[in-house]
Student: 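The following block contains the structure, expressed as C-alpha cells.
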There are 2 protein chains.
Amino acid sequence: MLKITKRVEYALIAIRHLQENQDVLVSVSDISTAYGIPKEILAKTLQKLASSNIVKSYKGPTGGYKATKKIAKTTLNDFFEILEGPTAIMDCYFQDGCDHLNSCNIRTPINKINDSIRNLFNNLTLADISQ
Amino acid sequence: MLKITKRVEYALIAIRHLQENQDVLVSVSDISTAYGIPKEILAKTLQKLASSNIVKSYKGPTGGYKATKKIAKTTLNDFFEILEGPTAIMDCYFQDGCDHLNSCNIRTPINKINDSIRNLFNNLTLADISQ
DNA sequence: ATTATATACGATTATATTTGTCGTATATAG
DNA sequence: CTATATACGACAAATATAATCGTATATAAT
Ligand code: FES
Ligand code: FES
C-alpha cells in the first residue's frame, strides 16, 4: 500500500532527463529507449505534464519535449495530482459520502492522516527532492 | 495511488471500537456486524495486531479482544508495517536492486520522498490522530 | 466428557486496479 | 508528399487487493 504508480515513476525519470538535457529537444523514443519504458505510456504521461505546462511539447519531425522553469516550483502534491488525481489515502476524503454509512468511527483519523500527507507534499517541491 | 488498504481501514475501525469498549471483551463477530466488515478478514487483521500486542486476544466462548495500553504509543509507521510490511512508495527503497538497472536517475528523489513519509509516520501516534 | 463458540492460520477464488497495447488523428520539418 | 513527431481514446493483459473456504486449537458452560 501507499505505493506510487509507474506513471509517476516514469514522469520523474522523464523530468529529470529533460532537466539534464535542457539544450536539446528530447523525444518520447529517446527517453523510452534510454530507460526501457513503454513508449505509449510515457507518451501519454508527458502529454499530461505538457497540458499543465510542466514540460513544453513540439510536434513534427525533430519535435519532442523541453523542461520548463515551472518544474522547480511545482510541489509534489501538484505533480502527483496532475498525473493521478486527488491525493487521498481513502476515497471518502474527497467524496461526499462515507464508506461506512451507519457507523463510521474513523473519519477523524483518516482526515488527520490525509491532511498530514497533503501538508507534507504541498511543502516539498520537485526542486527539493532533486538535490 | 498512495491508498491505504482495507485491512488498515478495518484495523483502525476495530482499534477505535475496542478503545471505546475497554470494559468488555469484544468478539470479531461483534465488530464485523456493527460495521459491515467481512468476518474472516477482520479476524486475520486482529490476529496480526494481537501478535504485536496492540490488542490482547482471549480464546474460547465469551472470548474476544481487548485494547492494550500500547495502542496510544504506537506510531503510524509501526501500525502500518505490522499490517502491510515496510512503508515504501517503491519497492526499490528496501530491495537491494534498482528497477532501472543501467540508468536510474530517480534514486535520490524516491529516497527523499520516502524518507519524508517515514519521518511523518514515525512522529504521529495512533493517539495523535484520534483526537 | 461433550458441546458450542471463540481465536488461529493456510489455501484458494473473486474483484479491482494498474499497466501496457493498439488504432487513429493531427502537426510539421525536410 | 512523406516521414516522424505529439495527441488521444478504446481495449487487453498483468498484477495486487479483497474476500471466501476449510481446518485446527483453545476454553467456558452444561
Ligand atoms: S469511511 Fe471515510 S468518513 Fe467514514
Ligand atoms: S529505481 Fe529505485 S533506485 Fe533506481
Side-chain angles (χ1 to χ4, degrees), chain A residues 1-11 13-14 18 24-33 35-68 80 82-86 88-91 99-100, chain B residues 1-14 18 24-33 35-66 68 80 82-86 88-91 99-100:
Chain A
M1 70 163 205
L2 293 172
K3 292 271 187 287
I4 62 168
T5 62
K6 294 277 178 191
R7 273 214 297 272
V8 167
E9 182 186 336
Y10 297 157
I13 292 175
L18 291 180
V24 292
L25 274 184
V26 185
S27 74
V28 169
S29 297
D30 293 340
I31 302 176
S32 165
T33 57
Y35 300 92
I37 299 173
K39 202 174 163 181
E40 292 79 7
I41 284 197
L42 180 62
K44 273 188 273 193
T45 302
L46 281 168
Q47 281 155 29
K48 280 198 179 185
L49 294 178
S51 70
S52 297
N53 303 312
I54 301 286
V55 299
K56 175 116 181 62
S57 72
Y58 299 86
K59 283 191 171 184
T62 77
Y65 290 93
K66 266 191 95 165
T68 72
F80 290 157
I82 286 168
L83 295 167
E84 302 292 343
I89 58 166
M90 275 182 67
D91 288 337
D99 296 356
H100 307 282
Chain B
M1 69 164 205
L2 293 172
K3 292 272 186 287
I4 62 169
T5 62
K6 294 279 179 190
R7 273 213 297 273
V8 168
E9 182 187 334
Y10 297 157
L12 260 182
I13 291 175
L18 291 179
V24 293
L25 276 183
V26 185
S27 73
V28 169
S29 297
D30 292 340
I31 302 176
S32 166
T33 56
Y35 300 92
I37 299 172
K39 201 172 162 183
E40 291 80 5
I41 284 197
L42 180 62
K44 269 188 275 194
T45 303
L46 281 168
Q47 281 156 29
K48 280 199 178 184
L49 295 179
S51 70
S52 297
N53 303 313
I54 301 286
V55 299
K56 175 117 182 60
S57 73
Y58 299 86
K59 282 190 172 185
T62 76
Y65 290 94
K66 267 191 95 166
T68 73
F80 290 157
I82 287 168
L83 295 167
E84 303 291 342
I89 59 167
M90 276 181 67
D91 289 337
D99 297 356
H100 307 281

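On a predicted model such as this, the values are computed, not experimentally measured, just so you know. Reminder, nothing fancy here: chain letters follow the sequence lines and each chain counts from 1. As a basis for the values below, the full set of heavy atoms in this structure was taken, side chains included, without hydrogen atoms, waters or symmetry mates.
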Student: For D/dT30, which nucleotide is its Watson-Crick or G-U wobble mate, given both distances must be under 3.5 Å?
Tutor: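 Pairing partner, where one exists within any strand: C/dA1.
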Student: Whole angstroms only, please: what is the CD1-P distance between B/I37 and D/dT17?
Tutor: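 The distance from CD1 of B/I37 to P of D/dT17 comes to 19 Å, rounded to the nearest Å.
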Student: Enter the distance from A/D30:CG to A/L18:CG here, rounded to the nearest 0.5 Å.
Tutor: 10.0 Å
Student: Where each residue is assigned the nucleotide of DNA chain D containing its nearest heavy atom, which of A/G63 and A/M1 is assigned the position nearer the 5′ end?
Tutor: A/G63
Student: B/K6 or A/S57: which one's nearest nucleotide on DNA chain D is closer to the 5' end?
Tutor: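 Its nearest nucleotide lies further toward 5', so the answer is A/S57.
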Student: What does the list of N/O pairs under 3.5 Å between the protein and nucleotides 21-28 of chain C look like, with a distance for each?
Tutor:
unit_1	atom_1	unit_2	atom_2	d
C/dT21	O4	A/K44	NZ	2.8
C/dA27	O4'	A/K59	NZ	3.4

Student: Could you state the NZ-C1' distance from A/K66 to D/dA5, rounded to the nearest angstrom?
Tutor: 17 Å
Student: Report yes if at least one side-chain N or O of A/Y65 is closer than 4.0 Å to OP1 or OP2 of D/dA7; otherwise report no.
Tutor: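 Answer is yes, contact under 4.0 Å.
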Student: Can you give me the closest heavy-atom contact between B/A50 and B/S57, atom names plus distance?
Tutor: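 Between these two residues, the closest heavy atoms are CB-CB, 4.3 Å.
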Student: Between P on C/dG10 and CD on B/Q47, what's the gap in Å once rounded to a whole number?
Tutor: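 Interatomic distance, CD of B/Q47 to P of C/dG10: 9 Å.
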Student: Please report the distance, rounded to the nearest Å, between CD1 in A/I4 and P in D/dT15.
Tutor: 18 Å
Student: Round to a whole Å and report the spacing from CD of A/E9 to P of C/dT18.
Tutor: 14 Å
Student: Check for a donor-acceptor pair, side chain of B/K3 on one end and backbone N or O of A/M1 on the other, with a separation under 3.5 Å.
Tutor: no
Student: Just how far, in rounded Å, is P of C/dC9 from CG of B/L49?
Tutor: 13 Å
Student: State whether a side-chain donor-acceptor pair under 3.5 Å links B/E84 with B/T5.
Tutor: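 Yes, B/T5 and B/E84 have a side-chain donor paired with an acceptor closer than 3.5 Å.
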Student: Report the distance from atom CG of B/L46 to atom P of C/dA8, rounded to the nearest whole Å.
Tutor: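 Result: 9 Å.
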Student: Think B/T62 has a side-chain N or O under 4.0 angstrom from the OP1 or OP2 of C/dA6?
Tutor: no
Student: C/dT19 C1' sits how many Å from A/Y10 OH, rounded?
Tutor: 7 Å
Student: Between atom CD of A/E9 and atom OH of A/Y35, what is the distance when rounded to the nearest 0.5 Å?
Tutor: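 Between atom CD of A/E9 and atom OH of A/Y35 there are 12.5 Å.
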Student: So, the side chain of A/T68 versus the backbone of A/I54: is there a donor-acceptor pair under 3.5 Å, distance only?
Tutor: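 Yes, because the side chain of A/T68 sits within donor-acceptor range (under 3.5 Å) of the backbone of A/I54.
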Student: From B/Y10 OH over to B/L83 CG, what is the distance, rounded to the nearest 0.5 angstrom?
Tutor: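 Interatomic distance, B/Y10 OH to B/L83 CG, rounded to 0.5 Å: 13.0 Å.
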